[in-house]
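Okay, so here's the structure we're looking at.
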2 protein chains.
Amino acid sequence: MSKEIKLNNLTETVQLFKIFSDLTRLRIIDLLYSGEHAVQAIADELDTSQSAISHQLKLLRDMNVVKTRKAGKQVIYRLRDSHIKEIFLIGYSHATECEI
Amino acid sequence: MSKEIKLNNLTETVQLFKIFSDLTRLRIIDLLYSGEHAVQAIADELDTSQSAISHQLKLLRDMNVVKTRKAGKQVIYRLRDSHIKEIFLIGYSHATECEI
DNA sequence: TTGACATGTGAGCACTCGCTCATATAAAAT
DNA sequence: ATTTTATATGAGCGAGTGCTCACATGTCAA
């Protein structure tokens, strides 16, 4: 494996881990893990402003972490694939099983 | 599971993922994955200043990601446990297998 | 159409982070 | 003892990040 390829792969890996490296984003992912939610429902549940949630959801959308569907005035978010769920669960279990 | 516990767990999970969310740190971990290295060897291999590497190694030390041993003037670093290796590998394989 | 509600977004601000630079510390070599 | 080599670390700077605030957009109800 060439050095350049390897560096690109590592850069992509960094991007992946950055998704999970913010508490608000991780709480959103954790909440969506239990099923789809509308924006305001997420904001209420996490006791965070709708704007802050919307900004983070845009990031998650751009990173292809979440999908949306419209339901009237609401936009319902859900996790895109089990790929993301798996990484989240592995990190979560590792972090909770033992001290870092 | 109470909300407070859950939040603490998520906070710890964030800390864990933050370790992997910087390219220099990930390159260090990747390099140490192949075996122990002295500080200057890491700096040379990654074409990064000794100071920058040393700062990152301090973080990795504080996070219990790496262990050290002294060999004369040199300090040799290695990964602390397979725990870290596993998470790195899973993220790496996920990031390289498909687009994010 | 108008008003109310749900979401998206740009600007700006405070904070964090990773680096450089200078210097400190420590151990070996001379 | 002095110099050289290897590593650690504090200060400070520039870039990035996550928030708030204000407002735009979009959708339904009346």
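In what follows, chains carry the letters A, B, and so on, assigned in the order in which the sequence lines appear, proteins first and then strands, with residues in each chain numbered from 1.
Of the candidate nucleotides C:dT7, D:dG18, C:dT9, C:dT7 has the atom lying nearest to any side-chain atom of A:Gln40. For A:Ala52, the side-chain atoms get nearest to D:dT20 when compared with the rest of D:dT20, D:dA8, C:dT7. Checking D:dT9, C:dA6, C:dG8 against the side-chain heavy atoms of B:Lys58 singles out D:dT9 as nearest.
Each of A:Arg25, A:Lys67, A:Arg80 was evaluated against A:Leu60; a single residue qualifies, A:Arg25, per the side chain to side chain contact (heavy atoms under 4.5 Å, CB included) test. A side chain to side chain contact (heavy atoms under 4.5 Å, CB included) with B:Leu46 is found for one member of B:Asp30, B:Ile28, B:Leu23 and no other, namely B:Ile28.
If you find the closest nucleotide of DNA chain C to B:Ala71 and to A:Tyr77, the one lying nearer the 5' end belongs to A:Tyr77. Where A:Lys73 and A:Gln50 meet DNA chain D, the nucleotide closest to each residue was compared, and A:Gln50 sits on the side nearer the 5' end.
The separation between B:Lys18 atom NZ and C:dC15 atom C1' is 11 Å, rounded to whole Å. Atom CG in B:Leu57 sits about 16 Å away from atom P in D:dA6, given to the nearest Å. Here C:dC17 presents its P atom at 13 Å from CD1 of B:Ile19, a figure rounded to the nearest Å. Rounded to a whole Å, the CZ atom of A:Arg27 is 14 Å from the C1' atom of D:dG18. Distance A:Lys70 NZ to C:dA6 P: 13 Å, rounded to the nearest Å. For A:Asp62 and C:dG8, the CG to P distance is 12 Å, given to the nearest whole Å. D:dT17 atom P lies 18 Å from atom CD1 of A:Ile53, rounded to whole Å. When rounded to the nearest whole Å, the span between CD1 of A:Ile28 and C1' of D:dG18 equals 12 Å.
The residue B:Thr24 sits close only to the backbone: its heavy atoms come under 4.0 Å of sugar-phosphate atoms, none of a base. Within 4.0 Å (heavy atoms only), A:Ser49 reaches sugar-phosphate atoms of the nucleic acid but no base atom.
Looking only at atom types and distance, the side chain of B:Gln40 has a donor-acceptor partner in the side chain of B:Asp44 under 3.5 Å away.
Looking at B:Ser51, its side chain comes within 3.5 Å of the base of C:dC21 through a donor and an acceptor atom. Between the side chain of A:Gln56 and the base of D:dG18, no donor-acceptor pair under 3.5 Å is found.
An OP1 or OP2 oxygen of C:dT7 is reached within less than 4.0 angstrom by no side-chain nitrogen or oxygen of A:Arg61. An OP1 or OP2 oxygen of C:dC17 is reached within less than 4.0 angstrom by no side-chain nitrogen or oxygen of B:Arg25.
Under the 3.5 Å distance criterion, the side-chain polar atoms of A:Ser21 are matched with a main-chain donor or acceptor of A:Lys18. For the pair A:Asp81 (side chain) and A:Ile84 (backbone), a donor-acceptor distance under 3.5 Å is present.
Stacking of B:His55 onto the six-membered ring of D:dT9 is present: less than 5.5 angstrom between centres, less than 30° between planes.
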